[in-house]
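First the structure, in the form of structure tokens, and then the observations on it.
Count residues from 1 along the sequence. When a ligand or atom number is given, it counts from 1 through the structure's own listing order.
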Amino acid sequence: MSDNKSNNTTETSLMSRIVSLCKRRGFIYPASEIYGGLNGFWDFGPLGTQLKNNLRDAWWKSMVECPPIGPDGKPLSIVGIDTSIIQHPKTWEASGHVGGFSDPMQTCRVCKKLFRADHIEDMLREAPWVIDLAETLVVSAYDLNVTVCTDKVINWLQRKGKKLAPGLAALKEQKPEFNKSITFLELLNALAYKTTPHSTLHTPHSLLPCPNCGGDLTEPRQFNLMFESRVGPVEDDSGKVYLRPETAQGIFLQYKNVLDTSRVKPPFGVAQVGKSFRNEVTPRNFVFRTREFEQMEMEFFVPPEDGMKWYEFWVQERLRWWEEQGVAKNKLYRHEIADEDRAFYSAATADIEYLYPFTDPNFGELEGVAYRTDYDLTQHQKFSGVNLEYIDQETKNRYIPHVIEPASGLTRGVLVLLCEGYRYDEQRASPEWLKIKPSLAPIKAGIFPLVNKDGMPEVAEKLYMDLRKSMICQFDAKQSIGKRYARMDEAGTPFCVTIDGDTLKDSTVTIRNRDTAQQERVSIDTVKEYLNVKCKM
Ligand code: ATP
């Protein structure tokens, strides 16, 4: 079972193990922790920052430095920019964020907590009070001679209920005999009078109960997600600005300058990486949904008639890219957004989803690829009064380009690498380790003298001094060699080089491979070349 996640690790504890490894090894810490933390904000530690930078650089390289070859065999033209977090407030009126960037939100009448309406069902499945009820729920469902009808709920019962509720087998086996189908909500309501401390739950309504306490929730109300701030010294609304909720709009605002100052013409792309801010109603699932996060977005401007062709190209390309970063194909899912669920201006949208431990057996969004038509440029043209048409110099055709947008979360991408890389193997000295692609790993190699004497530290240090010029490596002479390997495994370091007694005789060292825990002996002179080649992969 060397390469698999331990089967006895439940999904919940799998996630909490990942979170605690991140804290322990300096990948991700709660923000403002010494003041008790701030909900929805996280800080990246030394290893996490390096991992994030490496993922960002891989994206930048694949977009800007060495863009893909297009469907017609020609290399794409994509340039990079870096725009302000705070833009003219009209930007967000034009983009629709002031009027429409809101989530339906519900408040609990009992505990006063706020929830995003579309998150409540998922949250209920993870709510401790619901989990405590699993046995009652399943057994009672059986007693009531009903089956819980939504797939999500069945999945939940199968996952959470297995250990907690022996009655589940009966529920599953006898399902065809159940003659009535009710929803999870109805089941909860049916059981409410005996299962929750709050008698309010039984009121018949179409709303789910509070994930925190089981109390009644208000009807959904719209809540704008943009953080407001003020520029200048005047304390009135004239200086009101917003922290950007996405990086994309900065690209649209500079589209004309880019066209006029670079040698690009449609089809071409403009890429940007940077922070975005959303006052999320229910930040949760570690860094999956936070209030401050980083995005990697690229707007690809194309002649209108080519929109669908480029949309399909980018969906495929982005799926391929995530696989190239080490994400298993079967953990990625293309979710084509149905017409009725898409933004009105979008001609097609696909979410690239990942099988997170906290969404399993369902998938959750990692990246969105949206065919946004000419909506954004048309809106900015209208609101600014500036002509944003492109004039083809050869044909003299004028048009507002259509846009395909692959919009990815960098913060969320790091989470995917951590979830994907996390391994638990009791046979290893350190059961927990991270399988991260060498080119993305924060530390490339550990350089260890086997013992801290007999001339070994000097040789190891000389090698370290040479290697550190071209890659991040760590010299460590303390503790047993097994402990040092274990520390590197937890950090996701792909290689450890050990200088031992034989090194002093024949100038060879061992290189230990993180994934196999096997060692090979190579000449000390070849170590640099060996690591340089392997760590590019
Ligand atoms: P959701 O529906 O989950 O709120 P979205 O569809 O609004 O997300 P987009 O506006 O398409 O997200 O943003 C593009 C990407 O930015 C998302 O795929 C995700 O990776 C990332 N992202 C969006 N919101 C957050 C957040 N609150 N925390 C972390 N990453 C985020």
Side-chain angles (χ1 to χ4, degrees), residues 28 31 38-44 48 52 55-56 59 92 95-97 100-105 115-123 222-227 243-252 271-299 311 314-315 318-319 321-322 325 327 332-338 341-343 345-346 348-356 358-359 362-372 375-376 403-419:
I28 299 173
L38 187 60
N39 193 13
F41 296 88
W42 297 84
D43 291 341
F44 281 78
K52 178 158 66 68
L55 184 63
R56 177 200 65 193
W59 185 88
W92 310 109
S95 68
H97 284 87
F101 190 57
S102 54
D103 280 331
M105 194 185 73
F115 302 95
R116 213 172 109 173
D118 59 330
H119 289 171
I120 289 172
E121 198 179 329
D122 279 351
M123 293 182 84
Q222 294 301 321
F223 174 75
N224 194 291
L225 298 184
M226 282 198 294
F227 280 103
L243 304 192
R244 69 178 174 202
E246 59 175 37
T247 59
Q249 296 304 321
I251 297 179
F252 295 123
Q272 166 159 240
V273 179
K275 290 249 174 168
S276 292
F277 303 81
R278 296 182 188 180
N279 196 4
E280 296 280 359
V281 179
T282 41
R284 67 207 177 99
N285 290 330
F286 197 28
V287 293
F288 178 81
R289 185 174 303 286
T290 55
R291 289 176 167 144
E292 175 176 341
F293 54 97
E294 274 176 88
Q295 290 185 305
M296 309 185 285
E297 298 195 289
M298 196 274 292
E299 308 304 317
Y311 166 70
W314 278 110
V315 175
R318 296 306 301 150
L319 280 163
W321 189 82
W322 281 111
Q325 307 318 307
V327 185
L332 291 168
Y333 177 71
R334 171 181 181 162
H335 176 189
E336 203 65 41
I337 308 296
D341 296 332
R342 270 198 317 263
Y345 51 76
S346 170
T349 300
D351 283 350
I352 294 177
E353 299 185 336
Y354 176 72
L355 187 68
Y356 299 92
F358 48 82
T359 56
N362 299 311
F363 288 71
E365 181 173 336
L366 162 62
E367 168 161 349
V369 182
Y371 176 7
R372 302 178 64 97
Y375 174 74
D376 305 271
V403 169
I404 317 298
E405 174 194 79
S408 180
L410 173 56
T411 322
R412 219 178 259 189
V414 170
L415 176 64
V416 166
L417 295 182
L418 291 165
C419 293

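- For ligand 1, the atoms sitting less than 4.0 Å from at least one non-hydrogen atom of Arg116 are 4 (O), numbered in the order shown with element in parentheses.
- Among protein heavy atoms, atom 7 (O) of ligand 1 sits closest to Arg278 NH1, 3.0 Å.
- Residue contact check: Glu367 has heavy atoms under 4.0 Å from atoms 18 (O) of ligand 1.
- Separating the CZ atom in Phe252 from the CG atom in Asp376 is a distance of 3.5 Å, to the nearest 0.5 Å.
- Shown here are the ring-ring contact (aromatic ring centres under 6.0 Å, His included) partners of Tyr375, two or more places apart in sequence or in another chain: Phe344, Tyr345.
- Here the protein heavy atom with the shortest distance to atom 4 (O) of ligand 1 is Arg289 NH1, 2.9 Å.
- Classification of the Tyr354-Tyr356 ring pair by plane angle, with boundaries at 30° and 60°, yields perpendicular.
- For atom 30 (N) of ligand 1, the closest non-hydrogen atom of the protein is Phe293 CD1, 3.5 Å.
- Heavy atoms from both the backbone and the side chain of Thr290 come within less than 4.0 Å of ligand 1.
- Heavy atoms of Asp351 found under 4.0 angstrom from ligand 1: none, in either backbone or side chain.
- Protein heavy atom closest to atom 16 (O) of ligand 1, with residue, atom name and distance, is Gln295 NE2, 3.1 Å.
- Taken to the nearest 0.5 Å, the CH2 atom of Trp321 stands 12.0 Å off from the CG atom of Leu319.
- Just one of Glu294, Glu292, Gln295 meets the side-chain hydrogen bond (donor to acceptor under 3.5 Å, both in side chains) condition when paired with Lys275; it is Glu292.
- Of all protein heavy atoms, the one closest to atom 21 (C) of ligand 1 is Gly409 CA, 3.7 Å.
- Scanning all protein heavy atoms for the shortest distance to atom 29 (C) of ligand 1 gives Phe288 O, 3.1 Å.
- Residues satisfying the salt bridge (Lys or Arg N to Asp or Glu O under 4.0 Å) criterion with Asp43, sequence neighbours excluded, are absent altogether.
- Considering each of Glu292, Glu280, Glu365, Arg284, the one bringing a non-hydrogen atom nearest atom 11 (O) of ligand 1 is Glu365.
- Using a 4.0 Å cut-off between heavy atoms, Glu294 makes no contact with ligand 1 at all.
- Closest protein heavy atom to atom 20 (O) of ligand 1: Leu366 O, 2.8 Å.
- For the pair Arg56 and Trp59, the cation-pi criterion (under 6.0 Å, within 45° of the ring axis) is not fulfilled.
- Expressed to the nearest 0.5 Å, how far CG of Leu418 lies from CD1 of Ile28 amounts to 5.5 Å.
- Residue Arg334 forms a side-chain contact (heavy atoms from CB on, under 4.5 Å) with just one option from Val369, Asp351, Val315, and that option is Val315.
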